[in-house]
Structures are given as C-alpha cells and as structure tokens.
Amino acid sequence: MKRFLASFVARRGIGEAANAACRVPTIAADELPIEPVSHPPSDNDVLMHEHEWAQFELLPSTRLPEIRRHLAAVRVAAGMNEVDGGWITPHPRRLQRGVVLAGPEPLRLLEKTLKLSAGVAPTLFAQRGVAGRLKGGFSFPLHQHVTLYGYVTAHHVPVLGLLPGESADDAALSIALARLPQAWGLVLVDWCAQRVLGRDGLVL
C-alpha cells in the first residue's frame, strides 16, 4: 500500500505525501463524509489525494460575489506563503456548502442528463495512507481526461467537482463543463489558479 501511495502522488504531481501541502496554495477545509475502505484500491476506482478535493469545483453563478471574496483571500495568503517550489502553508478555504444541484433524485437527474450510469464513489488518500471512500459519492467520466464527482445528501448535491487526469487541459475542462445544461447556471472555479471559467470562457 505504501508503494502504491507513493506512485499515486507522484503521478498526480503532488509530490511526496509528507510534502503534499506545500505543492498547492489552497485546500478545501471541508468535513467530508468518509467510509472506511477494507481493501486496496483497484484500477477501476476513482482516486484522489485529499488536497485535490474541490480544487476544480462547479458552483452556481449566483455565488460569484462570494467566490470573488474567497479568491481574493487565496491570492493574499498565497502571496504571503509562497516559497521556491511551493507554499509554506496552504490557505484553508472555508466555503459554506449549499445546494449545487437539487431535486428528489439528483443522481438520477445527472444520469439522465449525461446519459451515463453513475460510477464508483471517489477514494481519498491522506498523507499517511487511505482516508476512505466518499459516503454517498459518485463519479462520471465526462471526458477522456476529466471525471465529474460529488456526493448526495438530503436530496441535493452540496459539492460537484471535476478531477483532471494527467493529460487534462483547459479544453478538456471546457468540454466537461459544456456537458452540463446551461440552465443549471454553473461556473467552474479553479481555486489554485485563482480563476473562474464559464461556458464561454474566463469569467473572473
């Protein structure tokens, strides 16, 4: 398992597990619903380091003023903590979780919209190994290099994120965003790059 974890974080470009926090300027300070995992992950699992959680996330465009305030805080903190090769301490984003997607059966709505069956819940890694599997979680391959993920609670989805693969670029992210209905009014927030993307390009 230790060898697998070292290989995983290296492929992600996060760096050694002990130094992972220094490779990103900001992390999401969410309390995630995690279930224990009793077996090693397989090739079919969706794997994430805990610092990848919600780094690319979809939020309602109505929250743009709030997003702008959080981005400003990230910029200030990143500037204060930046060193050669990374950051001394990542800035914790304490974003109030609301409703990103609502309805009596939001997961069915996603399946119908994307014309795909929901995949496995993401498995998250922490610095010392496997943290667990996301309770109520799901995943969808929106693009060859981009996976949509999130979890369902109380008949809504509070977090909807995109997990880029090793070869993902802005075009892949834009294609993934375009697969979601325009009527949902979602924008893609790239917290590390401190920008917001809409269906027609850069918003902030």
Side-chain angles (χ1 to χ4, degrees), residues 7-15 20 23-28 30 32 41-61 63-64 67 70-71 74 93 95 97 99-101 106-125 131 133-134 136-152 156-204:
S7 174
F8 169 74
V9 296
R11 292 198 310 273
R12 279 287 197 261
I14 299 173
R23 300 302 178 97
V24 292
T26 179
I27 57 174
D30 292 14
L32 300 179
S42 71
D43 293 338
N44 296 322
D45 286 322
V46 174
L47 307 176
M48 301 176 62
H49 191 279
E50 62 179 356
H51 293 138
E52 293 180 292
W53 175 258
Q55 292 290 25
F56 293 86
E57 67 175 314
L58 297 155
L59 290 169
S61 59
R63 298 185 68 175
L64 280 173
I67 292 168
H70 280 283
L71 285 173
V74 171
R93 305 187 313 274
L95 194 71
R97 291 302 174 192
V99 177
V100 178
L101 183 61
L107 190 53
R108 291 284 183 88
L109 175 59
L110 278 170
E111 290 181 321
K112 183 178 179 180
T113 301
L114 300 172
K115 297 180 173 59
L116 293 169
S117 297
V120 297
T123 297
L124 279 80
F125 285 87
R133 182 173 288 113
L134 192 63
F138 58 82
S139 61
F140 291 92
L142 290 192
H143 182 275
Q144 182 181 0
H145 302 297
V146 181
T147 299
L148 178 76
Y149 68 89
Y151 64 97
V152 178
H156 72 275
V157 175
V159 177
L160 200 55
L162 294 183
L163 179 65
E166 297 175 42
S167 302
D169 55 17
D170 282 358
L173 292 170
S174 296
I175 291 170
L177 177 60
R179 292 197 62 183
L180 300 173
Q182 187 170 5
W184 291 3
L186 300 177
V187 293
L188 175 61
V189 185
D190 179 350
W191 291 108
C192 285
Q194 301 153 33
R195 61 180 184 167
V196 181
L197 299 176
R199 297 168 66 91
D200 299 320
L202 191 66
V203 176
L204 290 176

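In this structure Tyr151 satisfies the ring pair (Phe, Tyr, Trp, His ring centres under 6.0 Å) test with no other residue, sequence neighbours excluded. For the side-chain contact (heavy atoms from CB on, under 4.5 Å) test, residues two or more places apart in sequence or in another chain that qualify with Ser139 are Val46, Val120, Thr147. Evaluation of the side-chain contact (heavy atoms from CB on, under 4.5 Å) rule for Gln194 yields Leu71, Val74, Arg75, Ala78 as partners, not counting sequence neighbours. Under the ring pair (Phe, Tyr, Trp, His ring centres under 6.0 Å) criterion, His70 pairs with no residue at all, not counting sequence neighbours. In this structure, the side-chain hydrogen bond (donor to acceptor under 3.5 Å, both in side chains) partners of Arg97, at least two apart in sequence or on a different chain, are Asp30, Glu57.
Counting only distance, with no hydrogens or angles, the side chain of Glu111 and the backbone of Ala118 share a donor-acceptor pair below 3.5 Å. Between the side chain of Asp169 and the main chain of Ala171, a donor-acceptor pair closer than 3.5 Å is present.
Residues Phe138 and Val157 meet the side-chain proximity criterion, which asks for heavy atoms closer than 4.5 Å. Using a 4.5 Å cut-off on side-chain heavy atoms (C-beta onward), Val187 and Leu197 make no contact. Between Val100 and Pro158 the shortest side-chain heavy-atom distance does not fall below 4.5 Å. Residues Thr123 and Met48 form no side-chain contact, since every pair of their non-hydrogen atoms from C-beta on lies 4.5 Å or further apart. Between Val203 and Leu64 there is a side-chain heavy-atom pair separated by less than 4.5 Å. Under the 4.5 Å side-chain criterion, counting only non-hydrogen atoms from C-beta, Leu58 is in contact with Leu180. Between Leu124 and Leu32, some side-chain heavy-atom pair lies under the 4.5 Å cut-off.
Heavy atoms only, all atoms of each residue included: Arg199 and Ala178 are closest at NH1-O, 3.6 Å. Considering every non-hydrogen atom in both Leu186 and Leu177, the closest pair reads O-CD1, 4.1 Å. The two residues Tyr149 and Ala54 make their nearest non-hydrogen contact at OH-N, 2.8 Å. The minimum heavy-atom distance linking Leu116 with Pro141 is given by the pair CD1-O, 3.7 Å. Listed here is the closest heavy atom pair of Thr26 and Gln55: O-NE2, 2.7 Å. Minimum interatomic distance between Leu162 and Pro164 (heavy atoms only, all atoms of both residues): O-CD, 3.4 Å.
How far NE2 of His156 is from CG of Leu107: 14.0 Å, rounded to the nearest 0.5 Å. Here the straight-line distance linking atom CG of Leu163 with atom CG of Leu47 works out to 9.0 Å at 0.5 Å rounding. Between the CG atom in Leu148 and the CZ atom in Phe56 there is a gap of 14.0 Å [rounded to 0.5 Å].
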CA sep, side-chain torsions, deciding dist, call: Ile67, Leu59, side-chain contact (heavy atoms from CB on, under 4.5 Å)
CA-CA 9 Å; Ile67 292 168; Leu59 290 169; 3.9 Å; yes
inquiry  = Applying side-chain contact (heavy atoms from CB on, under 4.5 Å) to Trp191 and Val24, what does each step give before you reach the verdict?
reply    = CA-CA 10 Å; Trp191 291 108; Val24 292; over 6 Å; no
As a quick check of understanding, evaluate side-chain contact (heavy atoms from CB on, under 4.5 Å) for Leu101 and Leu109, giving each step before the final call. CA-CA 9 Å; Leu101 183 61; Leu109 175 59; 3.9 Å; yes
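Remark: aromatic rings of Phe125 and Trp53 are distant, center separation not under 6.0 Å.
Identified under the salt bridge (charged side-chain N to carboxylate O under 4.0 Å, His left out) test for residues 170-183, with sequence neighbours left out: Asp170-Arg195.
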